[in-house]
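Below you'll find the structure, written out as structure tokens, and then a few comments.
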Amino acid sequence: MTVRVRFAPSPTGFLHVGGVRTALYNWLFARHHGGVTVLRIEDTDTERETEGAIEQIQRSLDWLGLDFDESPRTGGPNGPYLQSERAETYQAAVDTLLEQGLAYRCYQTPEELEAARTAARHTDDPAAPTRLHRDLTSEQISRFEGEGRPAIIRFRTPLEGETVIEDLVRGRVAFEHRLLGDTVLMRGGGAPTYQLANPLDDMAMGITHVIRGEDLLPSTPRQKLLIEALGGTFPTTAHLSMILGPDKKRLSKRHGAASVEEFREQGYLPHALVNFLALLGWSWDGETEIMSIDELIERFSLERVNPAPAVFDHQKLAWMNGAYLRELGADTYAAALEEHLVDADSPLAGNPRLGELVPMVQEKLGAFGEFDALAGSLLIDREPDPVAWEKLKADENAPKVLDAAITMLGAIAQFSPDAIEGSLRSICDLLGLKPKNAFTPIRIAVTGSTVAPGLYESIAFLGRDEALARLQRARAAL
RNA sequence: GGCGCAUUCGUCUAGGGGCCUAGGACGCCGCCCUCUCACGGCGGUAGCACGGGUUCGAAUCCCGUAUGCGCUACCA
């Protein structure tokens, strides 16, 4: 039997790191087993749907390199892949269940339900309120119908016994039927709920393994019961732990960047994000950290997924991204940097000399988003950093150092990094200053910052005219 | 409140009874390299939640407690 997995997000916003991790594990598992990946959009709740979310999710998955064999975009033999277009499937199943007495119409108003729920809150049968209309007499039914009350459809959950889930990550988990209550399958308006649409589609699409977040573990027995009532076989499940913020709360926007889109904007490499996320809850040998996509595919297994929640560590991601950035070839690096600048709508984009800066910045950047601050001033003459500028003005050595630099740099024959180094070092000897002290004012004068690429290379990059102009301007401002 | 899941350095993790005086990585600290920032090298810091069992022997198995998280929707 070929493995078939699905990633089934709701189009309620940007793709979150938690969602990405789920998508990734599904993808890795399927690719490892030569299986099929399905992308299904769960848009049954039109209220919460947000504009453009589907495109956004697809875009993020594309960027990460997670391709889906069957999806709303690619189509496939088990479509449609949008739940909003699968109404007949759900209706047919509900009709069958109703016919066989496995589901029933419930006429409770939301207010009645809520009141009953509050009352039953602390009793020994908290699920009782969901079963109030389970065995209505025909008189009661016609009275409710007569009142024009809309009916919702509830599943007739067994009152006794338990459902056992053999989860690939968590092992055996048992749920008492009595506490489950009668699950709502269809809303008053006839729209399917997640509890109906999700398992039904998994069955219809031949899903063999359901890999999803732990938040969905409690709904698993309901879904299993439903599928088995319909004569289907419930897929194997693997419930992944939650991803937490530093405060151990579920990761969200208030913890900073949490969506794929944000990491992309900050100049992270998709491969780095994928590698990092793969390691958030899974490990291969506990030692190896940097792995190619092919290695991840080859090594991934659900058996080695950690069931405990994991805190998302931005610092480690940044480190890993830097490690990936440093491994890039110069041309690839330049192209990726340019793409980032274009995406960011940066004034630095399209600069023909960008490539020359690569060797000067590659080992210094943790993400492309830092490029502008580090080396932007070499491409564009702009206002210096105020703090650095004050430091320059307060430096008592600055005037003589800048004067010397102007003289020396104006005199050297070859305006190369080596020649510039020799020239600047002779200033140190001349003035009896340590390189560290002599170079700081020059760096600020030339780059407008205390942090920049190598000084000799920076000056050489600017060229004699520009470098001298900046030095003279700084000198004049002292 | 009920149900469920989880619990190894600050963080991600290795560990599935003796190989553990608990390994790796990020972070942090120190030293080296050094024109700033980085990179790189070397060294260091720090952990089995607690309490009971089981066993010759427990980070590893069982029970309880605590804590955290999830679910408890006509959200997913």
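Here is how names work: the chains are called A, B, and so on, in the same order as the sequence lines, proteins then strands, and each is numbered from 1. Note: hydrogens, waters and symmetry copies are ignored here, and every other heavy atom, side chains too, is used.
- We find that CZ of A/F7 is positioned 12 Å from C1' of B/rA76, with the value rounded to whole Å.
- In this structure the side chain of A/L478 reaches within 4.5 angstrom of the side chain of A/L402, judged on heavy atoms.
- Rounded to an integer number of Å, the gap from A/L328 CG to B/rC39 P is 17 Å.
- Between A/D182 and A/R156 there is no salt bridge, since none of the side-chain N atoms of the basic residue sits less than 4.0 Å from a carboxylate O of the acidic one.
- To the nearest angstrom, C1' of B/rG40 lies 13 Å from CD of A/E327.
- Comparing the P positions of B/rG16 and B/rG23 gives a spacing of 14 Å, expressed to the nearest Å.
- Distance check on atom C1': B/rG51 versus B/rA58 gives 15 Å, rounded to whole Å.
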Reading nucleotides 59-74 of chain B 5' to 3', which nucleotides get B (base under 4.0 Å from a protein heavy atom), which S (sugar-phosphate only), which -? ----------SSS-SB

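- Nucleotide B/rC12 holds its C1' atom 8 Å from the CD atom of A/E289, rounded to whole Å.
- Inter-residue side-chain proximity for A/V5 and A/I207 is flagged as unmet; no heavy-atom pair is nearer than 4.5 Å.
- Considering every non-hydrogen atom in both A/R212 and A/Y194, the closest pair reads NH2-OH, 3.0 Å.
- Two residues, A/T44 and A/P307, neighbour RNA chain B, and the one matched to the more 5' nucleotide by heavy-atom proximity is A/P307.
- Comparing A/L317 and A/N198, the nucleotide of RNA chain B nearest to each residue sits closer to the 5' end for A/L317.
- Residues A/N275 and A/Y324 have side chains that bring a donor and an acceptor to within less than 3.5 angstrom of each other.
- Contacts between residues 49-57 of chain A and RNA chain B, defined by a heavy-atom separation below 4.0 Å, involve no residue at all.
- Here B/rC12 presents its P atom at 14 Å from NE2 of A/H314, a figure rounded to the nearest Å.
- Annotation for A/L244 and A/K248: closest pair CG-O, 3.3 Å, computed over non-hydrogen atoms.
- For the side chain to side chain contact (heavy atoms under 4.5 Å, CB included) test, residues two or more places apart in sequence or in another chain that qualify with A/R382 are A/D372, A/S377, A/I380.
- Salt bridge annotation for A/D285-A/R299: absent, with no cationic side-chain nitrogen under 4.0 angstrom from a carboxylate oxygen.
- Between the C1' atom of B/rG40 and the CD atom of A/Q362 lies a distance of 15 Å, rounded to the nearest Å.
- Nearest heavy-atom pair, A/A120 versus A/D125, reported as atom, atom and distance to 0.1 Å: CB-O, 4.2 Å.
- Residues of residues 277-288 of chain A having a heavy atom closer than 4.0 Å to RNA chain B, listed by number: A/L279, A/L280, A/G281, A/S283, A/D285, A/G286, A/E287.
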One character per nucleotide, please: for nucleotides 27-38 of chain B, 5' to 3', B when the base has a protein heavy atom closer than 4.0 Å, S when only the sugar-phosphate does, - otherwise. S-------BBBB

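- Here A/R172 does not reach the OP1 or OP2 of B/rG4: none of its side-chain N or O atoms lies under 4.0 Å away.
- With sequence neighbours excluded, the residues forming a side chain to side chain contact (heavy atoms under 4.5 Å, CB included) with A/E47 are A/D45, listed by chain and number.
- With both ends at atom C1', the span from B/rU54 to B/rG18 equals 16 Å, rounded to whole Å.
- Computed from coordinates, the A/N275 CG to B/rC26 C1' distance equals 13 Å when rounded to whole Å.
- Backbone-only engagement by A/R304 is indicated by non-hydrogen atom pairs under 4.0 Å involving sugar-phosphate atoms exclusively.
- In this structure, CD1 of A/I243 is placed 17 Å from P of B/rA6, rounded to the nearest angstrom.
- Salt bridge absent: A/E42 and A/R86 never bring a charged side-chain N and a carboxylate O closer than 4.0 Å.
- A salt bridge does not link A/E145 to A/R149: none of the charged side-chain nitrogens sits closer than 4.0 Å to a carboxylate oxygen.
- Going from the P atom of B/rU13 to that of B/rA49 covers 15 Å, rounded to whole Å.
- When all heavy atoms of A/P453 and A/K364 are compared, the pair lying nearest together is CA-CE, 3.9 Å.
- Using a 4.0 Å cut-off between charged nitrogen and carboxylate oxygen, A/D202 and A/R40 count as a salt-bridge pair.
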